[in-house]
Amino acid sequence: MSELDRVMKMVEGGQVVPALDRLSTILSEHPDAAWALAIRGRLLLDLREYDSLAENADRFIRLQPSNPLALTQRAAAQVFRGDVKSATDSMLEALTESGRDVDAFVLDVSSAVAFLLGRQGVFLTARVYASLAMMAQGYEGSQMSGSLLRQLNSSPTLNQLVKSIPQPIQRPDDADWGERYDEAATLLRSNKVLLAEAKFQSLRRTLPDEPAILSGLLTCAIWRGDVAAQSDFLKKLSACESLDFEERVQFRAVSCLVNPDDKDLAAECFRLDADIESAEPVEMAMIADSRFAPLPAEMLAQMRESEDDVPPRAGFQVLDRDRPEVAEGLPPIDQIPEAIAMAFVYGKQTDRSARVEIHDVTSSVLDDVRAQIQKAIGDSVQLNQKPSDPLPFLAVVQPQVAMVRFKASAVEADAMQEELTNTRMPLAIANAKWGILGNASLVDTADDDSKLLERTVVVRVAEQYDAIISKGDEVLGEVYRLAKIEPLPTLTIGDDEIESVANTDLNRIDSSQLNEESCLYLLQRAQQISSTPAIRHFAKRLIEADLPEDQKMAKLLAYSTLVNASGNAKDAIATINEAKAFAEANELPTANLLLSEVSLRLQAGDGEGFQKAIETLTQRYGNEPEVMAQLQQMLISMGLIRPDGSPRRGPAPGGVAPAGAEPAAGGIWTPDGGGAAAPPADPAAGGGSKLWVPGMD
């Protein structure tokens with residue numbers, strides 16, 4: 001038996017450490033045994049011995065500088081040191097040397113590179129490396145890449161414009177440089193990125209503004225993970241007047257999104273601070289002022305950069321209007337305050353005086369915030385101002401509802417949140433000052449024709465955030481009006497075009513010319529990338545269709561999808577009721593619908609409906625362990641029962657306190673989540689254990 005066979009037998013038998021010892025002996029006797037270095041590197045990676053892996057890779061590369069496995073080992077070591085640029089450079093060298101057959105080890109490491117890039121916000125490069133592993137024939141280790149792509153695609157806070165790679169621009173058919181371009185494009189398609197880039201750069205020296213060549217260099221920059229170069233080439237493409245206006249807009253929009261450090265679509269932000277004589281008078285002044293909302297003590301305890309830091313003595317949201325006083329229900333929508341900054345008061349410490357710090361102050365509210373803080377600390381105290389990290393687009397445009405307590409039902413809170421968003425989000429988008437507009441707003445520049453492309457970029461970026469467009473047509477409709485920008489037209493396509501339509505166009509498809517099978521395909525695509533308006537459109541189209549008997553499950557799928565895409569619990573429950581009626585009429589299973597209903601009834605504070613859904617579920621599926629296990633896990637995650645099935649006696653998690661119920665002491669309410677619910681009923685009361693949910697009092 002050869003040494004290789006002996007080592008492989010050890011590895012297959014799980015004797016990894018003895019195998020490593022044997023490999024060390026072999027390498028001491030035969031320093032040029034490349035196969036031993038290859039196997040040793042794989043084992044060290046599996047054992048997460050990254051320092052030893054780096055040493056093994058360096059030795060391997062000295063022996064065989066062009067070996068793709070050696071280069072990949074070096075890339076793996078660089079990945080786990082967090083050196084993204086070096087890792088991508090090493091991966092590109094490995095791919096260039098791999099030829100047509102890429103080793104599974106190279107694909108394993110490409111998945112790790114993709115994961116690191118995704119975590120650092122280098123989304124386009126993460127996508128190409130994850131796709132490399134996903135598309136490799138016969139490769140069985142693509143789970144990590146598949147998981148990463150699903151996370152990127154399903155995120156509602158990730159813009160649709162960076163959920164796909166920009167398509168290459170074709171060269172002109174009659175270009176006299178076509179042969180040289182085709183050589184570069186062929187190398188790029190073969191993943192020989194470094195060789196392709198050299199040829200594209202050579203072409204660019206004589207044709208600096210040719211879109212096809214810039215597009216090729218953009219793809220190379222994506223593979224290299226160079227976000228600054230990606231942004232630069234995208235901006236150059238947006239300046240090519242030979243391209244369609246909307247194509248130029250899209251390139252410029254993507255340029256704002258690919259670089260995490262880009263400030264074009266972020267709001268300029270400041271921090272204010274001042275030393276004060278004593279913390280107590282300032283804290284009392286803020287508590288008494290209706291333009292401040294106190295933060296709970298448990299939140300303040302977490303607001304320190306390290307365990308050695310002292311948390312703030314008090315914290316407040318600075319509000320854009322006075323705190324309303326309402327005994328029951330919710331105040332009128334124009335009286336609901338928003339948080340426009342965060343203020344923290346620190347007591348005197350051994351090495352520093354008492355102070356106030358105000359964070360996340362954008363330029364559009366700077367004067368107002370400064371005036372409110374100055375009123376609390378006194379005119380004699382000097383407020384210092386310094387720039388801080390800019391706020392990203394979504395953080396700027398989403399209304400930050402103040403943490404003020406009201407007594408209202410969850411349904412009322414949902415309706416209020418929807419109205420608030422429809423009213424205020426368009427104003428936030430249109431009035432925020434954006435870097436791409438020269439630190440001006442859409443409203444400021446609405447009549448400036450010289451900024452038409454840049455204004456359109458801001459609006460098109462907003463159109464491609466699912467967290468914005470899912471709120472309804474009213475939001476963007478008002479933005480179009482304020483910015484004086486035309487929306488993109490409805491897109492009518494045929495059944496033979498559904499696979500070629502871009503992700504960014506799904507929300508504007510007119511499905512009137514499509515058959516039900518095409519609608520189902522597009523519904524599934526919309527689900528994969530969290531394109532909520534498209535999900536609602538295609539789901540409703542399938543629900544309204546007269547489907548044959550063998551496609552009834554497709555209609556039930558459409559109902560379930562529409563439930564998950566509903567804007568509020570009330571609409572979701574109405575859809576579930578329709579879905580249950582359809583399923584029962586057609587003798588289809590309802591377990592998943594009932595499980596969804598349990599969660600939605602609790603969210604809506606509907607105790608009676610919650611209990612009824614559980615009773616129906618247990619009556620119909622009590623003998624199906626899988627369904628009952630899902631129900632139990634759901635109730636555990638809601639905090640309503642313990643893992644052993646017994647009810648919890650502590651406060652159940654909830655949103656808004658039911659109307660007429662007194663909120664628990666210290667509870668706060670926010671329309672999008674946290675808050676105190678009413679206390680649970682005593683399990684001993686009424687005979688036997690009884691599950692409490694909001695609304696049962």
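Note that this is a predicted model, so its numbers are computed, not measured.
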Is a side-chain donor-acceptor pair under 3.5 Å present for R248 with S238?
no
For side chain to side chain contact (heavy atoms under 4.5 Å, CB included), just list the numbers for Q527 and Q524, CA-CA rounded to whole Å, side-chain angles, deciding distance to a tenth of an Å, and then say yes or no.
CA-CA 5 Å; Q527 280 184 284; Q524 291 168 333; 4.3 Å; yes
Check whether any side-chain heavy atom of R252 lies under 4.5 Å from a side-chain heavy atom of D264, and answer yes or no.
yes
For a side chain to side chain contact (heavy atoms under 4.5 Å, CB included) check, start with the C-alpha distance between M425 and Q398, then their side-chain angles and the critical distance, and finish with the verdict.
CA-CA 6 Å; M425 186 182 280; Q398 291 184 313; 3.8 Å; yes
Would you say the side chains of R127 and N153 form a donor-acceptor pair under 3.5 Å?
yes
How close do L95 and N191 get, heavy atom to heavy atom, and via which atoms?
CB-O, 3.6 Å
Would you tell me whether S531 and N507 have side-chain atoms, one donor and one acceptor, within less than 3.5 Å of each other?
yes
At their closest point, which heavy atom of V106 faces which heavy atom of P68, and how far apart are they?
CG2-O, 4.4 Å
Side chain to side chain donor-acceptor pair (under 3.5 Å) involving S147 - partner list, sequence neighbours excluded
Q151
Ignoring hydrogens and angles, state whether a donor on the side chain of T532 or D466 is under 3.5 Å from an acceptor on the partner side chain.
yes
Which pair of non-hydrogen atoms, one from I535 and one from L523, has the smallest distance, and what is that distance?
O-CD1, 3.6 Å
Would the number of heavy atoms belonging to other residues, nucleotides or ligands and lying under 6.0 Å from CD of E517 be above 12?
no
Could you go through the ring pair (Phe, Tyr, Trp, His ring centres under 6.0 Å) check for Y521 and F538 one step at a time?
CA-CA 9 Å; Y521 168 81; F538 293 115; 9.7 Å; no
Which atom names give the shortest non-hydrogen contact between S566 and T575, and what distance separates them?
OG-OG1, 4.2 Å
Under 3.5 Å side-chain donor-acceptor pair for S145 and S111:
yes
Hits for side-chain contact (heavy atoms from CB on, under 4.5 Å) against A136, two or more places apart or cross-chain, chain-then-number order -> L107, Y139
Suppose we screen for side-chain contact (heavy atoms from CB on, under 4.5 Å). Which residues come up paired with K540, at least two apart in sequence or across chains?
E544, L562
Any donor-acceptor N or O pair under 3.5 Å, side chains N259, Q230:
no
4.5 Å side-chain heavy-atom contact, R541 and S512
no
Assess the residue pair S560 and N592 against the criterion (side chain to side chain contact (heavy atoms under 4.5 Å, CB included)); give the C-alpha distance rounded to whole Å, side-chain angles, the decisive distance to 0.1 Å, and a yes or no.
CA-CA 8 Å; S560 297; N592 288 335; 5.5 Å; no
Side chain to side chain contact (heavy atoms under 4.5 Å, CB included) assessment of L482 paired with L427:
CA-CA 8 Å; L482 293 169; L427 297 173; 4.0 Å; yes
With sequence neighbours excluded, tell me which residues meet side-chain contact (heavy atoms from CB on, under 4.5 Å) with F115.
R119, M144
Residues pairing under ring pair (Phe, Tyr, Trp, His ring centres under 6.0 Å) where one sits in residues 556-579, two or more places apart or in two chains, turn out to be Y559-F582
If only side-chain N and O atoms count, and only distance matters, is there a donor-acceptor pair under 3.5 Å linking E463 with Y480?
yes
Please list all pairs meeting ring pair (Phe, Tyr, Trp, His ring centres under 6.0 Å) that have one or both residues in residues 215-234, counting only residues at least two apart or in different chains.
Y129-W223
Minimum heavy-atom distance L124-S164, with the two atoms named
CD2-O, 3.6 Å
What I'd like to find out is whether the side chain of Q630 reaches to under 4.5 Å of the side chain of L595, using heavy atoms alone.
yes
Any side-chain donor-acceptor pair under 3.5 Å between S154 and Q528?
no
Any side-chain donor paired with an acceptor under 3.5 Å for N515 and S518?
yes
